[in-house]
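Scroll down for the structure; my scribbles are underneath it.
Each chain gets a letter, A, B and so on, in the order its sequence line appears, and its residues count up from 1. Since the model is a prediction, treat every value here as computed from it, not as a measurement.
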There are 2 protein chains.
Amino acid sequence: MITADLLEKYGASKKFYEKTATVFEEGKLPTHYYQIVSGEIKMNNYNDDGREFIQGIFYKEQSFGEPPLFLNQKYPASAVAVEESQILCLLRSNFMKLLEENPAISIKIIENLAQRLYYKSVMAAEISTHEPEHRVLKLIDHGISYFNFKKDANGFLINFTRQQIGDLTGLRVETVIRAIKALEKKGELKIINRKVYR
Amino acid sequence: MITADLLEKYGASKKFYEKTATVFEEGKLPTHYYQIVSGEIKMNNYNDDGREFIQGIFYKEQSFGEPPLFLNQKYPASAVAVEESQILCLLRSNFMKLLEENPAISIKIIENLAQRLYYKSVMAAEISTHEPEHRVLKLIDHGISYFNFKKDANGFLINFTRQQIGDLTGLRVETVIRAIKALEKKGELKIINRKVYR
DNA sequence: CTTGTTTTATGATTTAAGTCATAAAACGCA
DNA sequence: TGCGTTTTATGACTTAAATCATAAAACAAG
(Lines give C-alpha, C1' and ligand atoms only; values in the text may rest on other atoms or scores of the structure.)
Protein backbone atom coordinates (compact mmCIF):
# COMPACT_ATOMS: atom_id res chain seq x y z
CA MET A 1 0.00 0.00 0.00
CA ILE A 2 2.50 2.59 1.21
CA THR A 3 6.04 2.02 -0.09
CA ALA A 4 8.52 0.56 2.38
CA ASP A 5 10.85 3.47 1.61
CA LEU A 6 8.35 6.08 2.66
CA LEU A 7 7.41 4.19 5.82
CA GLU A 8 11.06 3.81 6.77
CA LYS A 9 11.67 7.47 6.10
CA TYR A 10 9.15 8.18 8.87
CA GLY A 11 10.80 5.72 11.22
CA ALA A 12 9.02 2.42 10.60
CA SER A 13 10.83 -0.69 11.78
CA LYS A 14 10.50 -4.22 10.48
CA LYS A 15 9.43 -6.80 13.05
CA PHE A 16 9.32 -10.59 12.85
CA TYR A 17 6.38 -12.60 14.11
CA GLU A 18 6.45 -16.35 14.23
CA LYS A 19 3.42 -18.51 13.50
CA THR A 20 0.64 -17.96 16.11
CA ALA A 21 2.37 -14.84 17.51
CA THR A 22 0.07 -11.97 18.44
CA VAL A 23 0.51 -8.55 16.78
CA PHE A 24 -2.12 -6.80 18.91
CA GLU A 25 -4.95 -7.81 21.18
CA GLU A 26 -8.66 -7.09 21.30
CA GLY A 27 -9.44 -4.41 23.87
CA LYS A 28 -6.02 -2.73 23.70
CA LEU A 29 -5.46 0.78 22.37
CA PRO A 30 -3.62 1.05 19.04
CA THR A 31 -0.07 2.33 18.99
CA HIS A 32 1.18 1.58 15.47
CA TYR A 33 0.32 1.37 11.81
CA TYR A 34 1.03 -2.15 10.52
CA GLN A 35 1.86 -3.18 6.96
CA ILE A 36 2.77 -6.72 6.00
CA VAL A 37 6.08 -7.32 4.20
CA SER A 38 5.68 -11.09 4.03
CA GLY A 39 3.51 -13.75 5.61
CA GLU A 40 -0.16 -13.88 6.57
CA ILE A 41 -2.11 -12.23 9.40
CA LYS A 42 -5.64 -12.92 10.58
CA MET A 43 -7.86 -10.68 12.68
CA ASN A 44 -10.11 -12.62 14.98
CA ASN A 45 -12.46 -12.69 17.95
CA TYR A 46 -13.34 -15.39 20.43
CA ASN A 47 -16.71 -15.60 22.12
CA ASP A 48 -17.20 -16.70 25.71
CA ASP A 49 -17.02 -20.39 24.96
CA GLY A 50 -13.92 -20.14 22.82
CA ARG A 51 -15.54 -20.10 19.42
CA GLU A 52 -13.49 -18.14 16.89
CA PHE A 53 -14.69 -15.63 14.32
CA ILE A 54 -12.21 -14.45 11.67
CA GLN A 55 -12.79 -10.82 10.68
CA GLY A 56 -10.36 -10.99 7.78
CA ILE A 57 -7.07 -12.39 6.52
CA PHE A 58 -4.30 -10.16 5.22
CA TYR A 59 -1.29 -10.78 2.99
CA LYS A 60 1.89 -9.05 1.84
CA GLU A 61 1.67 -5.34 1.10
CA GLN A 62 -1.65 -5.08 2.92
CA SER A 63 -2.19 -3.04 6.07
CA PHE A 64 -4.54 -3.90 8.91
CA GLY A 65 -5.89 -2.48 12.16
CA GLU A 66 -6.21 1.13 10.95
CA PRO A 67 -9.80 1.90 11.97
CA PRO A 68 -9.10 1.93 15.72
CA LEU A 69 -5.83 3.77 14.99
CA PHE A 70 -7.70 6.64 13.34
CA LEU A 71 -10.48 6.69 15.94
CA ASN A 72 -8.21 6.13 18.94
CA GLN A 73 -10.55 3.37 20.10
CA LYS A 74 -9.83 -0.09 21.48
CA TYR A 75 -9.23 -2.89 18.97
CA PRO A 76 -12.46 -4.81 18.34
CA ALA A 77 -10.43 -7.94 17.46
CA SER A 78 -6.94 -9.40 17.81
CA ALA A 79 -4.30 -9.81 15.08
CA VAL A 80 -2.39 -13.08 14.93
CA ALA A 81 0.25 -14.42 12.52
CA VAL A 82 -1.10 -17.41 10.57
CA GLU A 83 2.42 -18.13 9.37
CA GLU A 84 5.84 -16.59 9.99
CA SER A 85 5.52 -12.93 8.99
CA GLN A 86 7.47 -9.71 8.65
CA ILE A 87 5.63 -6.49 9.41
CA LEU A 88 6.57 -2.85 9.06
CA CYS A 89 5.47 -1.02 12.21
CA LEU A 90 5.15 2.75 12.31
CA LEU A 91 4.36 4.70 15.48
CA ARG A 92 0.94 6.38 15.36
CA SER A 93 2.26 9.93 15.68
CA ASN A 94 4.77 9.38 12.87
CA PHE A 95 2.11 7.75 10.71
CA MET A 96 -0.17 10.76 11.17
CA LYS A 97 2.70 13.04 10.22
CA LEU A 98 3.31 10.93 7.11
CA LEU A 99 -0.35 11.32 6.14
CA GLU A 100 -0.36 15.07 6.64
CA GLU A 101 2.76 15.53 4.57
CA ASN A 102 1.68 13.12 1.80
CA PRO A 103 -1.94 13.86 0.90
CA ALA A 104 -1.87 11.41 -2.01
CA ILE A 105 -1.56 8.56 0.50
CA SER A 106 -4.97 9.46 1.95
CA ILE A 107 -6.67 8.41 -1.25
CA LYS A 108 -4.99 5.02 -1.02
CA ILE A 109 -6.10 4.61 2.56
CA ILE A 110 -9.65 5.55 1.59
CA GLU A 111 -9.70 3.00 -1.22
CA ASN A 112 -8.36 0.35 1.09
CA LEU A 113 -10.95 1.03 3.79
CA ALA A 114 -13.68 1.17 1.14
CA GLN A 115 -12.61 -2.26 -0.12
CA ARG A 116 -12.79 -3.73 3.35
CA LEU A 117 -16.13 -2.12 4.09
CA TYR A 118 -17.43 -3.59 0.86
CA TYR A 119 -16.31 -7.07 1.87
CA LYS A 120 -17.91 -6.68 5.30
CA SER A 121 -21.20 -5.51 3.80
CA VAL A 122 -21.36 -8.50 1.50
CA MET A 123 -20.51 -10.99 4.23
CA ALA A 124 -22.81 -9.40 6.82
CA ALA A 125 -25.80 -9.86 4.53
CA GLU A 126 -24.71 -13.42 3.76
CA ILE A 127 -24.20 -14.45 7.35
CA SER A 128 -27.52 -12.95 8.46
CA THR A 129 -29.87 -14.17 5.81
CA HIS A 130 -28.43 -17.01 3.73
CA GLU A 131 -28.03 -20.76 4.17
CA PRO A 132 -24.62 -22.41 4.56
CA GLU A 133 -24.07 -23.30 0.91
CA HIS A 134 -24.78 -19.77 -0.26
CA ARG A 135 -22.51 -18.31 2.44
CA VAL A 136 -19.62 -20.57 1.57
CA LEU A 137 -19.91 -19.92 -2.15
CA LYS A 138 -20.11 -16.16 -1.65
CA LEU A 139 -17.02 -16.18 0.54
CA ILE A 140 -15.16 -18.14 -2.09
CA ASP A 141 -16.30 -15.95 -4.98
CA HIS A 142 -15.56 -12.75 -3.15
CA GLY A 143 -12.29 -14.26 -1.99
CA ILE A 144 -11.07 -14.88 -5.51
CA SER A 145 -10.48 -11.16 -5.91
CA TYR A 146 -10.04 -10.31 -2.24
CA PHE A 147 -7.81 -13.07 -0.88
CA ASN A 148 -4.85 -14.29 -2.88
CA PHE A 149 -6.28 -17.46 -4.45
CA LYS A 150 -4.07 -18.78 -7.25
CA LYS A 151 -5.43 -20.05 -10.54
CA ASP A 152 -4.17 -23.32 -12.02
CA ALA A 153 -5.41 -25.95 -14.47
CA ASN A 154 -8.31 -26.94 -12.18
CA GLY A 155 -9.48 -23.38 -11.53
CA PHE A 156 -8.86 -21.18 -8.49
CA LEU A 157 -7.41 -23.10 -5.59
CA ILE A 158 -9.23 -22.09 -2.40
CA ASN A 159 -6.33 -22.33 0.01
CA PHE A 160 -8.40 -22.18 3.19
CA THR A 161 -9.07 -25.06 5.53
CA ARG A 162 -12.72 -26.02 6.13
CA GLN A 163 -12.25 -24.69 9.64
CA GLN A 164 -11.10 -21.28 8.35
CA ILE A 165 -14.08 -21.09 6.01
CA GLY A 166 -16.29 -21.85 8.99
CA ASP A 167 -14.65 -19.17 11.11
CA LEU A 168 -15.07 -16.62 8.29
CA THR A 169 -18.75 -17.45 7.69
CA GLY A 170 -19.94 -18.22 11.20
CA LEU A 171 -20.46 -21.92 10.47
CA ARG A 172 -19.13 -25.07 12.13
CA VAL A 173 -16.55 -27.26 10.38
CA GLU A 174 -18.96 -30.14 9.86
CA THR A 175 -21.48 -27.81 8.27
CA VAL A 176 -18.81 -26.40 5.94
CA ILE A 177 -17.66 -29.89 4.96
CA ARG A 178 -21.25 -30.86 4.15
CA ALA A 179 -21.91 -27.62 2.28
CA ILE A 180 -18.79 -28.05 0.16
CA LYS A 181 -19.74 -31.62 -0.70
CA ALA A 182 -23.23 -30.48 -1.70
CA LEU A 183 -21.76 -27.68 -3.83
CA GLU A 184 -19.49 -30.17 -5.54
CA LYS A 185 -22.46 -32.42 -6.31
CA LYS A 186 -24.20 -29.39 -7.85
CA GLY A 187 -21.11 -28.72 -9.97
CA GLU A 188 -20.44 -25.34 -8.36
CA LEU A 189 -16.94 -26.37 -7.34
CA LYS A 190 -14.44 -29.19 -7.55
CA ILE A 191 -12.75 -31.24 -4.85
CA ILE A 192 -9.45 -32.71 -6.00
CA ASN A 193 -7.80 -34.78 -3.29
CA ARG A 194 -9.45 -32.75 -0.54
CA LYS A 195 -8.50 -29.42 -2.03
CA VAL A 196 -11.29 -27.13 -3.17
CA TYR A 197 -11.23 -25.51 -6.63
CA ARG A 198 -13.59 -22.96 -8.12
CA MET B 1 -19.49 15.74 7.37
CA ILE B 2 -18.67 18.07 4.48
CA THR B 3 -20.22 21.53 4.82
CA ALA B 4 -23.25 22.19 2.61
CA ASP B 5 -21.50 25.32 1.32
CA LEU B 6 -18.53 23.39 0.02
CA LEU B 7 -20.70 20.70 -1.57
CA GLU B 8 -22.82 23.33 -3.29
CA LYS B 9 -19.72 25.13 -4.49
CA TYR B 10 -18.89 21.97 -6.42
CA GLY B 11 -22.39 21.69 -7.85
CA ALA B 12 -24.30 19.55 -5.35
CA SER B 13 -28.07 19.78 -5.52
CA LYS B 14 -30.58 19.09 -2.79
CA LYS B 15 -33.11 16.37 -3.53
CA PHE B 16 -36.27 15.34 -1.68
CA TYR B 17 -37.13 11.73 -1.00
CA GLU B 18 -40.44 10.73 0.49
CA LYS B 19 -40.82 7.87 2.95
CA THR B 20 -39.92 4.51 1.30
CA ALA B 21 -38.40 6.21 -1.76
CA THR B 22 -35.24 4.60 -3.12
CA VAL B 23 -32.01 6.60 -3.32
CA PHE B 24 -30.04 3.90 -5.12
CA GLU B 25 -30.39 0.20 -5.78
CA GLU B 26 -28.25 -2.86 -5.10
CA GLY B 27 -26.36 -3.93 -8.23
CA LYS B 28 -26.31 -0.46 -9.83
CA LEU B 29 -23.13 1.53 -10.38
CA PRO B 30 -22.68 4.63 -8.21
CA THR B 31 -23.04 8.06 -9.76
CA HIS B 32 -23.18 10.47 -6.81
CA TYR B 33 -21.93 11.26 -3.35
CA TYR B 34 -24.87 11.48 -0.94
CA GLN B 35 -25.06 13.48 2.28
CA ILE B 36 -28.20 13.74 4.39
CA VAL B 37 -29.56 17.20 5.20
CA SER B 38 -32.58 15.91 7.11
CA GLY B 39 -34.44 12.65 7.56
CA GLU B 40 -33.31 9.04 7.89
CA ILE B 41 -31.89 6.58 5.34
CA LYS B 42 -31.36 2.84 5.67
CA MET B 43 -29.13 0.63 3.56
CA ASN B 44 -30.53 -2.85 3.11
CA ASN B 45 -30.48 -6.17 1.27
CA TYR B 46 -33.17 -8.72 0.61
CA ASN B 47 -32.44 -12.41 0.26
CA ASP B 48 -34.23 -14.68 -2.18
CA ASP B 49 -37.27 -15.20 0.00
CA GLY B 50 -37.71 -11.54 0.79
CA ARG B 51 -36.02 -11.44 4.15
CA GLU B 52 -34.43 -8.06 4.87
CA PHE B 53 -31.02 -7.29 6.31
CA ILE B 54 -30.26 -3.69 7.33
CA GLN B 55 -26.60 -2.77 6.77
CA GLY B 56 -26.91 0.52 8.59
CA ILE B 57 -29.12 3.52 9.32
CA PHE B 58 -27.97 7.05 8.65
CA TYR B 59 -29.11 10.45 9.92
CA LYS B 60 -28.62 14.13 9.21
CA GLU B 61 -25.10 15.28 8.27
CA GLN B 62 -24.03 11.69 7.59
CA SER B 63 -22.98 10.42 4.19
CA PHE B 64 -23.58 6.93 2.85
CA GLY B 65 -22.76 4.75 -0.15
CA GLU B 66 -19.17 5.95 -0.58
CA PRO B 67 -17.31 2.62 -0.73
CA PRO B 68 -18.66 1.62 -4.15
CA LEU B 69 -18.22 5.24 -5.30
CA PHE B 70 -14.50 5.11 -4.57
CA LEU B 71 -14.06 1.62 -5.98
CA ASN B 72 -16.36 2.11 -8.97
CA GLN B 73 -18.11 -1.14 -8.06
CA LYS B 74 -21.78 -2.05 -7.95
CA TYR B 75 -23.69 -1.21 -4.78
CA PRO B 76 -23.83 -4.23 -2.46
CA ALA B 77 -27.10 -2.93 -0.96
CA SER B 78 -29.92 -0.47 -1.64
CA ALA B 79 -30.56 2.87 0.08
CA VAL B 80 -34.13 3.71 1.07
CA ALA B 81 -35.66 6.66 2.94
CA VAL B 82 -37.12 5.54 6.28
CA GLU B 83 -38.86 8.90 6.58
CA GLU B 84 -39.12 11.98 4.38
CA SER B 85 -35.56 13.12 3.73
CA GLN B 86 -33.50 15.81 2.04
CA ILE B 87 -30.20 14.76 0.55
CA LEU B 88 -27.35 16.71 -1.01
CA CYS B 89 -26.25 14.88 -4.18
CA LEU B 90 -22.91 15.57 -5.80
CA LEU B 91 -21.82 14.02 -9.10
CA ARG B 92 -18.92 11.58 -8.75
CA SER B 93 -16.50 13.55 -10.94
CA ASN B 94 -17.18 16.76 -9.05
CA PHE B 95 -16.86 14.98 -5.73
CA MET B 96 -13.47 13.62 -6.75
CA LYS B 97 -12.41 17.10 -7.76
CA LEU B 98 -13.56 18.43 -4.38
CA LEU B 99 -11.43 15.80 -2.65
CA GLU B 100 -8.34 16.59 -4.70
CA GLU B 101 -8.64 20.30 -4.07
CA ASN B 102 -9.45 19.93 -0.37
CA PRO B 103 -7.03 17.42 1.16
CA ALA B 104 -8.32 18.10 4.68
CA ILE B 105 -11.62 16.48 3.69
CA SER B 106 -9.85 13.18 3.09
CA ILE B 107 -9.11 12.81 6.77
CA LYS B 108 -12.80 13.26 7.55
CA ILE B 109 -13.75 10.62 5.00
CA ILE B 110 -11.17 8.25 6.48
CA GLU B 111 -12.50 8.75 10.00
CA ASN B 112 -16.03 8.17 8.78
CA LEU B 113 -15.15 4.95 6.94
CA ALA B 114 -13.12 3.81 9.95
CA GLN B 115 -16.14 4.35 12.20
CA ARG B 116 -18.36 2.29 9.94
CA LEU B 117 -15.78 -0.47 9.60
CA TYR B 118 -15.57 -0.58 13.37
CA TYR B 119 -19.34 -0.99 13.68
CA LYS B 120 -19.33 -3.75 11.07
CA SER B 121 -16.51 -5.62 12.79
CA VAL B 122 -18.33 -5.56 16.10
CA MET B 123 -21.63 -6.69 14.61
CA ALA B 124 -20.07 -9.37 12.39
CA ALA B 125 -18.54 -11.07 15.42
CA GLU B 126 -21.83 -10.74 17.29
CA ILE B 127 -23.98 -12.15 14.53
CA SER B 128 -21.63 -15.07 13.92
CA THR B 129 -20.94 -16.28 17.40
CA HIS B 130 -23.37 -14.90 19.95
CA GLU B 131 -26.88 -15.75 21.10
CA PRO B 132 -29.83 -13.45 20.49
CA GLU B 133 -29.77 -11.62 23.82
CA HIS B 134 -26.09 -10.78 23.48
CA ARG B 135 -26.57 -9.60 19.90
CA VAL B 136 -29.48 -7.34 20.75
CA LEU B 137 -27.71 -5.82 23.73
CA LYS B 138 -24.53 -5.18 21.75
CA LEU B 139 -26.48 -3.49 18.97
CA ILE B 140 -28.18 -1.28 21.53
CA ASP B 141 -24.97 -0.42 23.37
CA HIS B 142 -23.04 0.28 20.22
CA GLY B 143 -26.06 2.18 18.91
CA ILE B 144 -26.06 4.59 21.84
CA SER B 145 -22.99 6.28 20.38
CA TYR B 146 -23.52 5.31 16.77
CA PHE B 147 -27.23 5.91 16.14
CA ASN B 148 -28.93 8.96 17.53
CA PHE B 149 -30.59 7.56 20.66
CA LYS B 150 -31.81 10.30 22.97
CA LYS B 151 -31.38 10.21 26.74
CA ASP B 152 -34.28 11.07 29.02
CA ALA B 153 -35.32 10.35 32.63
CA ASN B 154 -35.64 6.59 31.94
CA GLY B 155 -32.28 6.26 30.19
CA PHE B 156 -31.54 6.07 26.47
CA LEU B 157 -34.65 5.55 24.38
CA ILE B 158 -33.96 2.89 21.77
CA ASN B 159 -36.08 4.27 18.97
CA PHE B 160 -36.01 1.16 16.79
CA THR B 161 -38.90 -1.20 16.24
CA ARG B 162 -38.38 -4.86 17.21
CA GLN B 163 -38.45 -5.62 13.50
CA GLN B 164 -35.63 -3.15 12.79
CA ILE B 165 -33.53 -4.65 15.59
CA GLY B 166 -34.13 -8.04 14.02
CA ASP B 167 -33.13 -6.82 10.57
CA LEU B 168 -29.95 -5.29 11.99
CA THR B 169 -28.95 -8.41 13.95
CA GLY B 170 -30.13 -11.16 11.63
CA LEU B 171 -32.89 -12.27 14.01
CA ARG B 172 -36.64 -12.70 13.55
CA VAL B 173 -39.10 -10.34 15.25
CA GLU B 174 -40.39 -12.97 17.64
CA THR B 175 -36.86 -13.81 18.73
CA VAL B 176 -36.10 -10.12 19.32
CA ILE B 177 -39.30 -9.67 21.34
CA ARG B 178 -38.39 -12.67 23.49
CA ALA B 179 -34.77 -11.54 23.88
CA ILE B 180 -35.84 -8.05 24.96
CA LYS B 181 -38.26 -9.48 27.53
CA ALA B 182 -35.53 -11.73 28.89
CA LEU B 183 -33.11 -8.79 29.07
CA GLU B 184 -35.70 -6.76 30.95
CA LYS B 185 -36.16 -9.60 33.44
CA LYS B 186 -32.38 -9.61 33.96
CA GLY B 187 -32.47 -5.87 34.58
CA GLU B 188 -30.31 -5.05 31.53
CA LEU B 189 -32.97 -2.76 30.09
CA LYS B 190 -36.39 -1.29 30.77
CA ILE B 191 -39.65 -1.58 28.85
CA ILE B 192 -41.97 1.37 29.52
CA ASN B 193 -45.21 1.05 27.61
CA ARG B 194 -43.61 -0.99 24.86
CA LYS B 195 -40.68 1.36 24.42
CA VAL B 196 -37.20 0.07 25.20
CA TYR B 197 -34.83 2.05 27.44
CA ARG B 198 -31.21 1.35 28.32
C1' DC C 1 10.30 -44.13 9.95
C1' DT C 2 7.40 -43.17 13.98
C1' DT C 3 4.38 -40.50 16.43
C1' DG C 4 1.47 -36.73 17.50
C1' DT C 5 -1.41 -33.27 15.52
C1' DT C 6 -4.37 -31.33 12.16
C1' DT C 7 -7.70 -31.81 8.65
C1' DT C 8 -11.40 -34.04 6.41
C1' DA C 9 -15.19 -37.07 6.85
C1' DT C 10 -19.77 -39.26 8.26
C1' DG C 11 -23.65 -40.75 11.07
C1' DA C 12 -26.81 -40.00 15.14
C1' DT C 13 -28.86 -36.81 18.27
C1' DT C 14 -30.09 -32.46 20.29
C1' DT C 15 -31.59 -27.87 20.52
C1' DA C 16 -32.08 -23.07 19.74
C1' DA C 17 -34.17 -20.25 16.84
C1' DG C 18 -37.30 -20.09 13.08
C1' DT C 19 -41.94 -20.76 11.60
C1' DC C 20 -46.86 -20.65 12.05
C1' DA C 21 -51.08 -19.11 14.02
C1' DT C 22 -53.50 -15.84 16.37
C1' DA C 23 -54.59 -11.56 18.76
C1' DA C 24 -54.49 -7.27 21.32
C1' DA C 25 -52.65 -2.70 21.51
C1' DA C 26 -51.13 1.34 19.26
C1' DC C 27 -50.77 4.23 15.45
C1' DG C 28 -51.97 6.81 11.32
C1' DC C 29 -54.89 8.86 8.31
C1' DA C 30 -59.17 9.66 5.78
C1' DT D 1 -63.97 8.71 15.14
C1' DG D 2 -63.67 4.88 12.74
C1' DC D 3 -60.84 1.55 10.03
C1' DG D 4 -56.80 -0.43 8.13
C1' DT D 5 -52.05 -1.12 9.13
C1' DT D 6 -48.17 -1.73 11.96
C1' DT D 7 -46.17 -3.19 16.11
C1' DT D 8 -45.89 -6.00 20.07
C1' DA D 9 -47.04 -10.28 22.12
C1' DT D 10 -47.50 -15.44 23.17
C1' DG D 11 -47.99 -20.34 22.60
C1' DA D 12 -47.22 -24.65 19.77
C1' DC D 13 -44.43 -26.95 16.43
C1' DT D 14 -40.81 -27.72 13.17
C1' DT D 15 -36.36 -27.78 11.37
C1' DA D 16 -31.77 -26.61 10.05
C1' DA D 17 -27.60 -26.43 11.91
C1' DA D 18 -25.01 -27.39 16.02
C1' DT D 19 -23.33 -30.88 18.82
C1' DC D 20 -21.39 -35.29 19.87
C1' DA D 21 -18.90 -39.35 18.72
C1' DT D 22 -15.72 -41.59 16.06
C1' DA D 23 -12.23 -42.42 12.55
C1' DA D 24 -9.34 -42.30 8.50
C1' DA D 25 -6.18 -39.60 5.82
C1' DA D 26 -2.68 -36.23 5.56
C1' DC D 27 0.83 -33.59 7.41
C1' DA D 28 4.62 -32.02 10.46
C1' DA D 29 8.33 -32.79 13.51
C1' DG D 30 11.72 -35.35 15.77
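- Ring planes of B:Tyr146 and B:Tyr119: parallel class, angle under 30° (limits at 30 and 60°).
- The separation between A:Gln163 atom CD and C:dT6 atom P is 11 Å, rounded to whole Å.
- For the helix from C:dC1-D:dG30 to C:dA30-D:dT1, the axis fitted to the five pairs at one end and the axis fitted to the five pairs at the other end meet at an angle of 60° (nearest 10 degrees).
- In terms of the ring pair (Phe, Tyr, Trp, His ring centres under 6.0 Å) criterion, B:Phe53 has no residue partners (sequence neighbours excluded).
- Atoms CG (A:Asn193) and C1' (D:dA25) sit 11 Å apart, rounded to a whole Å.
- The CD-P distance, from B:Gln164 to D:dT6, rounds to 14 Å in whole Å.
- Take B:Tyr118 and apply the ring pair (Phe, Tyr, Trp, His ring centres under 6.0 Å) test, not counting sequence neighbours, and it matches no residue.
- With distances taken from any side-chain atom of A:Ile177 to the nucleotides C:dG18, C:dT10, D:dA9, the minimum falls on C:dT10.
- To the nearest angstrom, P of D:dA17 lies 14 Å from CD1 of A:Ile127.
- Going from atom CD1 of B:Ile158 over to atom P of D:dT7 covers 17 Å, rounded to whole Å.
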Are there any protein N/O atoms within less than 3.5 Å of an N/O atom in nucleotides 20-24 of chain C, and if so, which ones and at what distance?
{"from": "C:dC20", "atom 1": "N4", "to": "B:Glu174", "atom 2": "OE2", "distance (Å)": "3.2"}

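- Residue pairs meeting the side chain to side chain donor-acceptor pair (under 3.5 Å) criterion with at least one member in residues 181-191 of chain A, sequence neighbours excluded: A:Glu133-A:Lys186, A:Glu188-A:Arg198.
- Put simply, CD on A:Glu131 is 13 Å from P on D:dA18, counting in whole angstrom units.
- A search for ring pair (Phe, Tyr, Trp, His ring centres under 6.0 Å) contacts involving A:His134 returns A:His130, not counting sequence neighbours.
- Residues satisfying the side-chain contact (heavy atoms from CB on, under 4.5 Å) criterion with B:Thr161, sequence neighbours excluded, are B:Gln163, B:Gln164.
- Between the A:Asn47 side chain and the B:Thr129 main chain, a donor and an acceptor come within less than 3.5 Å of each other.
- Mapping B:Lys181 and A:Leu171 onto DNA chain D by nearest heavy atom places B:Lys181 closer to the 5' end of the strand.
- Nucleic acid contact class of A:Gly166 (heavy atoms, under 4.0 Å, all strands): none.
- Listed pair B:Thr175 / C:dG18 meets the phosphate criterion, a side-chain N or O lying under 4.0 Å from OP1 or OP2.
- For B:Ser93, the side-chain contact (heavy atoms from CB on, under 4.5 Å) partners two or more places apart in sequence, or in a different chain, are B:Leu91.
- The side chain of B:Arg162 contributes an N or O atom lying less than 4.0 Å from OP1 or OP2 of D:dT8.
- With sequence neighbours excluded, the residues forming a side chain to side chain donor-acceptor pair (under 3.5 Å) with A:Glu101 are A:Tyr10, listed by chain and number.
- Put simply, NZ on B:Lys185 is 12 Å from P on D:dA9, counting in whole angstrom units.
- Remark on DNA chain D: of its neighbouring residues A:Arg172 and B:Phe160, the 5'-side contact belongs to B:Phe160, judged by nearest-heavy-atom nucleotide.
- Rounded to an integer number of Å, the gap from A:Asp49 CG to C:dT15 P is 15 Å.
- With sequence neighbours left out, the ring pair (Phe, Tyr, Trp, His ring centres under 6.0 Å) criterion links A:Tyr17 to no other residue.
- The side chain of A:Arg51 sits closest to D:dA18 out of C:dT8, D:dA17, D:dA18.
- Judged purely by distance below 3.5 Å, without hydrogens or angles, the side chains of A:Ser63 and A:Glu66 pair a donor atom with an acceptor atom.
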Close N/O contacts between protein and nucleotides 27-29 of chain C (under 3.5 Å):
none

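- Screening residues 73-92 of chain A for side chain to side chain donor-acceptor pair (under 3.5 Å) gives A:Ser38-A:Gln86 as the qualifying pairs, with residues at least two apart or on separate chains.
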